[in-house]
Each structure stands twice: as structure tokens, then as C-alpha cells.
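Written out below as C-alpha cells is the structure these notes cover.
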Amino acid sequence: MPPELDVKFVARGQGASHRIWKEADTHGDVVFLNESSELSRAHGPLVTLMAWLECVATAWPNAELVGKADDDVMLMLEKLFAKPSIWSI
């Protein structure tokens, strides 16, 4: 049986649009980071990644596996969970 899976959308919360706050309120699957939504494409993705990793360490300290993917990625979870040896470091 695969481990419990919790999927979240991650967004920079400072200055985030009303639309994304409504999405978060409706579905409860958005994590807002304490970063500006108006950062440039040159800096925003790296700032978001670093803030996400810090957030995970605090909010889910017992997580066995943490990832980051864009919203157009298809994960092949069956293959990932079929090889638990890849989880060992």
C-alpha cells in the first residue's frame, strides 16, 4: 500500500489575487508562503522553492518525501511507490 499522499498547491501570499484566495477557501489545498506574489520570474521561482522547503520542515516535520512540481506535471505514482528502495538515502 502506498504511503499517505497529501498534495498542496503553493503560492506566494503577499499580494496574491482574490481568485487564488477564493480557490484556497473553496478547496483547502493551497499553502500560502510569506513572500511577494510580484517577484520577477528571475527571482520568484527560487524564492518560492526556498520558502516552500522551509515551510515543509516546519509544517510537516515527519514527511518522508517532499517534492515540487509545476501544475502541468503528471506524476506516475504507481511507479514511484512500486520501488520503495528509491526512498532510502
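By convention here, the first residue in the shown sequence is residue 1.
- Going from atom CD of E23 over to atom OG of S17 covers 10.0 Å, rounded to the nearest 0.5 Å.
- Of all non-hydrogen atoms in F32 and A24, the two that sit nearest each other are CE1-CB, 3.5 Å.
- For K68, the side chain to side chain donor-acceptor pair (under 3.5 Å) partners at least two apart in sequence or on another chain are D70.
- In this structure a side-chain-to-backbone donor-acceptor pair under 3.5 Å is present from S37 to Q14.
- V7 is not connected to V31 by any chain of hydrophobic side-chain contacts under 4.5 Å among Ile, Leu, Val, Met, Phe, Trp and Tyr, and they are in different clusters.
- In this structure, D6 places its CG atom where more than 12 heavy-atom neighbours from other residues, nucleotides or ligands lie under 6.0 Å away.
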Per-pair distances, 0.1 Å, donor-acceptor, side chain in residues 48-61, under 3.5 Å, sequence neighbours excluded:
| residue | atom | partner | partner atom | Å |
| --- | --- | --- | --- | --- |
| T48 | OG1 | R12 | NE | 2.6 |
| T48 | OG1 | G44 | O | 2.8 |
| W52 | NE1 | G67 | O | 3.3 |
| T58 | OG1 | E54 | O | 3.3 |

